[in-house]
Amino acid sequence: MWEEGTLRAANDELYAILEGVYALYAELKAEVGKRRAFAALLTDLEIKTQANTSLALKVIRYVFAGQGRREEAYARVVAIAHDMKGPDQSFTSYVQECGGH
C-alpha cells in the first residue's frame, strides 16, 4: 500500500522536477550564451563549482542545493538521458524504461 501510494507519489513529484531540470540542461547545452549567463547566476548565488564540474551537476546543484551524493546521481541520469533518449521520448518515460520507478 505504501509503495503504490506514498512512494509512487514521491517518485512522480521527483520526475516532474527532473523533467524541468532536464529541459533547462538541454537548453543550456544547446546555447553557449545561456551557459555563460547561467555560470554568472551561479556565481551571484554563491553556488560553488570547480572548472571540471559538469553542466548537469551545476544545474542539479542550482535546483536541489545541497543533496550531496544524490546530486551526483541525478546529474548522471540527466546527462545520460540527454545523450541516449529519443528526441520524441520524455525524460520520465526514458528513466522508467531503464528501470527507474
Side-chain angles (χ1 to χ4, degrees):
M1 192 168 168
W2 172 82
E3 217 171 87
E4 290 302 315
T6 305
L7 180 60
R8 181 177 300 273
N11 281 341
D12 289 348
E13 190 171 341
L14 175 61
Y15 284 145
I17 293 167
L18 289 175
E19 282 281 354
V21 168
Y22 176 83
L24 176 59
Y25 173 79
E27 187 176 335
L28 293 172
K29 189 97 170 144
E31 296 186 44
V32 173
K34 288 184 179 182
R35 280 196 306 271
R36 288 185 181 134
F38 182 68
L41 173 64
L42 295 180
T43 299
D44 291 348
L45 294 174
E46 298 180 357
I47 296 175
K48 306 273 188 234
T49 62
Q50 297 178 354
N52 64 345
T53 301
S54 71
L55 177 60
L57 186 54
K58 289 176 184 177
V59 173
I60 290 292
R61 284 187 178 155
Y62 171 70
V63 172
F64 287 96
Q67 296 295 317
R69 292 190 317 191
R70 189 177 299 178
E71 285 180 337
E72 293 172 13
Y74 292 163
R76 280 193 302 276
V77 170
V78 167
I80 290 169
H82 183 268
D83 292 344
M84 303 297 290
K85 78 172 194 62
D88 296 329
Q89 186 175 25
S90 74
F91 170 84
T92 299
S93 69
Y94 175 79
V95 171
Q96 289 172 336
E97 183 179 288
C98 293
H101 302 288

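When reading the values below, keep in mind they use all heavy atoms of this one structure, side chains included, and skip hydrogens, waters and symmetry mates.
Between F38 and Y62, the angle of the ring planes goes over 60°, which puts this pair in the perpendicular group of the 30/60° scheme. Using cut-offs of 30° and 60° for the angle between ring planes, the Y25 and H82 rings count as perpendicular.
Atom CD of residue E97 and atom OG1 of residue T92 lie 12.5 Å apart, to the nearest 0.5 angstrom. Here CZ of R61 is found 9.5 Å from CD1 of I47. Values are rounded to the nearest 0.5 Å. For the atom pair N11 CG and Q96 CD, the distance stands at 8.5 Å (nearest 0.5 Å). In this structure, CG in L41 is found 14.0 Å from NZ in K34, a value given to the nearest 0.5 Å.
A heavy-atom distance below 4.5 Å is found between the side chains of I17 and F64. By the 4.5 Å heavy-atom criterion applied to side chains, Y22 and V59 are not counted as neighbours. Looking at Y74 and V21, their side chains never come closer than 4.5 Å, going by heavy atoms from C-beta outward. A heavy-atom distance below 4.5 Å is found between the side chains of I60 and L18.
The hydrophobic clustering, which links ILVMFWY residues whose side-chain heavy atoms are closer than 4.5 Å, places L57 and L28 apart.
Contact detail for A56 and A75: the closest heavy-atom pair is CB-O, 3.5 Å. In plain terms, the two heavy atoms of Y94 and M84 that are nearest each other are OH-CB, 3.2 Å. Closest non-hydrogen pair, A30 versus R35, comes out as N-NH1, 4.2 Å.
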